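Sequence lines set the chain letters: A, B, ... in the order given, protein chains first and strands last, and positions in each chain run from 1. Model, not experiment: these values are computed from the prediction.
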Protein chains: 2
Amino acid sequence: MWISELATTVGLPVPTVKFYLREGLLPTGTPTGATRADYDEHHVRRLRLIRALTEVARLRLDGVRAVLDAMDDESLPWHEAIGSAHRRLGAVSGTPSPAASERVEGLVRDRGWTVHEGSVQRAALAHALDALDSLDHPASDELLHTYADAAEAIAAKEVAGVHGEDRVSATEHVVVSTLLLEPVLLNLRRMAQENASAKSVDRRHREPAS
Amino acid sequence: MWISELATTVGLPVPTVKFYLREGLLPTGTPTGATRADYDEHHVRRLRLIRALTEVARLRLDGVRAVLDAMDDESLPWHEAIGSAHRRLGAVSGTPSPAASERVEGLVRDRGWTVHEGSVQRAALAHALDALDSLDHPASDELLHTYADAAEAIAAKEVAGVHGEDRVSATEHVVVSTLLLEPVLLNLRRMAQENASAKSVDRRHREPAS
């Protein structure tokens with residue numbers, strides 16, 4: 001198909017598709033003349049992924065590039081490609097404080113979780129706790145355990161859904177489930193917040209003043 | 001304090017602080033000469049928020065601007081400022097499919113949730129479901145309900161923690177709890193995934209082949 005059909009299929013303007021080609025995020029098509037190239041299903045799929053990572057997962061361009069690079073690096077066994085994508089996504093600038101790192105350490109111990117010592121998630125979590133502290137909105141232990149309970153329930157269901165797949169499908173599966181299910185969870189959290197907030201106002205209106 | 005002390009206090013390089021000043025994200029200090037200005041605690045706080053939104057919540061510059069604009073717009077009553085920040089953050093490009101919108105509609109109904117008809121979260125959720133469908137990784141109803149259960153448990157705890165506060169603190173509270181607690185939840189989810197995955201491999205190794 002020509003670039004115009006590719007763009008229409010995926011629902012993006014042609015200049016946007018050209019931009020991704022120039023940036024090297026989308027492989028060039030097969031040349032069929034001086035100025036034309038032919039695109040196939042592989043391009044459609046890759047472009048849908050780029051669109052989802054940008055619009056739904058809200059990644060910046062460098063984030064999209066990191067994810068695609070990890071997916072494309074065939075020198076890595078697939079379970080390492082997954083780790084690599086996770087690491088590139090989770091990389092935090094700066095070092096978390098010893099106190100925050102120790103808190104994360106304690107949480108992992110309390111939960112009895114098996115989480116790699118050098119896991120970027122540990123550092124990213126500690127970094128987020130530092131940011132909350134610096135803004136005088138520390139996350140309480142109670143809140144962290146509420147989140148951890150929810151995370152455990154979710155992970156149990158998610159991991160049960162992963163089957164043996166080929167390398168490309170497996171890394172794409174992880175990218176999709178990590179990045180594209182996150183907005184699903186976050187939007188449900190905001191909706192549940194709105195609901196809890198509405199119900200709580202409602203209750204206060206109906207209860208007699210004490 | 002001078003700009004160098006401001007930068008050191010927040011832990012950012014001076015050129016980065018100058019960049020935020022040029023972009024209008026950080027208000028200029030009080031001029032104390034032709035080329036010097038004085039900065040105070042308000043600037044420290046704002047700069048910490050910008051840093052957290054960029055590094056921890058991973059917002060793009062336009063996202064940071066949208067959040068700060070909503071916080072600063074004093075023409076809005078604070079509960080509307082919260083809605084405005086939510087809307088600006090959640091805005092999705094394009095219209096979700098009728099099927100995905102209907103699915104979100106059904107979920108809200110099944111859960112008995114009170115969620116505003118025009119809520120951006122509804123559209124953002126439908127948009128995410130479309131993206132997952134387009135990549136052949138549809139989210140099952142079972143998974144959505146697992147997420148919704150978790151979201152309900154989390155929201156109940158979170159809403160209980162909001163007290164009457166002045167407008168600036170209240171909007172900042174929402175920004176912080178919406179944007180900065182999200183990375184906490186997401187990192188815990190990834191850690192719980194790693195744990196569930198490790199435990200499941202472990203189990204397979206110990207169980208006799210059937």
Side-chain angles (χ1 to χ4, degrees), chain A residues 11 48-49 52 55-56 60 86 92-94 108 113-116 119 121-122 124-125 127-129 131-132 134-135 137 139 143 146-159 173 176-178 180-200, chain B residues 11 48-49 52 55-56 60 86 92-94 108 113-116 119 121-122 124-125 127-129 131-132 134-135 137 139 143 146-159 173 176-178 180-200:
Chain A
R48 282 202 174 121
L49 185 59
E55 294 182 7
V56 179
R60 294 186 285 220
H86 260 168
V92 293
S93 37
V108 170
W113 282 358
T114 304
V115 179
H116 187 61
S119 146
Q121 269 72 54
R122 287 177 182 245
L125 177 57
H127 200 60
L129 295 178
L132 287 160
S134 82
L135 294 162
H137 285 275
L143 191 70
T146 303
Y147 280 19
D149 288 341
E152 270 180 17
I154 287 171
K157 193 76 70 178
E158 287 171 335
V159 168
H173 179 92
V176 166
S177 74
T178 302
L180 297 182
L181 287 175
E182 286 178 357
V184 171
L185 176 59
L186 296 184
N187 279 297
L188 284 170
R189 169 176 170 249
R190 292 188 195 176
M191 287 161 72
Q193 275 178 343
E194 184 181 334
N195 172 61
S197 182
K199 297 269 156 70
S200 120
Chain B
R48 282 203 174 120
L49 184 59
E55 294 181 9
V56 179
R60 295 186 283 219
H86 260 169
V92 291
S93 38
V108 170
W113 281 358
T114 303
V115 179
H116 188 61
S119 146
Q121 269 72 55
R122 286 178 183 245
L125 177 57
H127 200 59
L129 295 179
L132 287 161
S134 82
L135 293 164
H137 285 274
L143 190 69
T146 303
Y147 279 19
D149 288 342
E152 269 180 18
I154 287 171
K157 194 76 72 180
E158 286 170 334
V159 168
H173 179 91
V176 167
S177 72
T178 301
L180 297 183
L181 287 176
E182 286 178 359
V184 172
L185 176 60
L186 296 185
N187 280 297
L188 283 170
R189 171 176 169 251
R190 292 189 195 175
M191 286 160 73
Q193 275 177 343
E194 182 179 337
N195 172 60
S197 181
K199 296 269 156 72
S200 119

Checked A/Arg48, A/Glu152, A/His116 vs chain B; the most non-hydrogen pairs under 4.5 Å come from A/Arg48
Residue from A/Ala131, A/Ala128, A/Pro183 scoring the most non-hydrogen pairs under 4.5 Å with chain B is A/Ala128
Counting heavy-atom pairs under 4.5 Å with chain B, the top scorer among A/Ala148, A/Ala153, A/Ser134 is A/Ser134
With chain A, the option among B/Leu143, B/Leu186, B/Leu132 that has the most non-hydrogen atom pairs under 4.5 Å is B/Leu186
Across all chains, not counting sequence neighbours, the side chain to side chain contact (heavy atoms under 4.5 Å, CB included) partners of A/Thr146 are B/Ile154, B/Lys157
Between B/Leu49 and A/Leu135 the two heavy atoms that sit nearest each other are N-CD2, 3.7 Å
For the pair A/Asn195 (side chain) and B/Thr114 (backbone), establish whether a donor and an acceptor sit closer than 3.5 Å, ignoring hydrogens and angles.
yes
Practice task
State whether A/Arg190 and B/Glu182 are salt-bridged, where the test is any N-O pair (Lys NZ or Arg NE/NH1/NH2 against Asp/Glu carboxylate O) under 4.0 Å.
Solution key: yes
Salt bridge (Lys or Arg N to Asp or Glu O under 4.0 Å) filter on B/Arg122, not counting sequence neighbours, yields B/Glu105
Residue from B/Ala192, B/Ala150, B/Ala151 scoring the most non-hydrogen pairs under 4.5 Å with chain A is B/Ala192
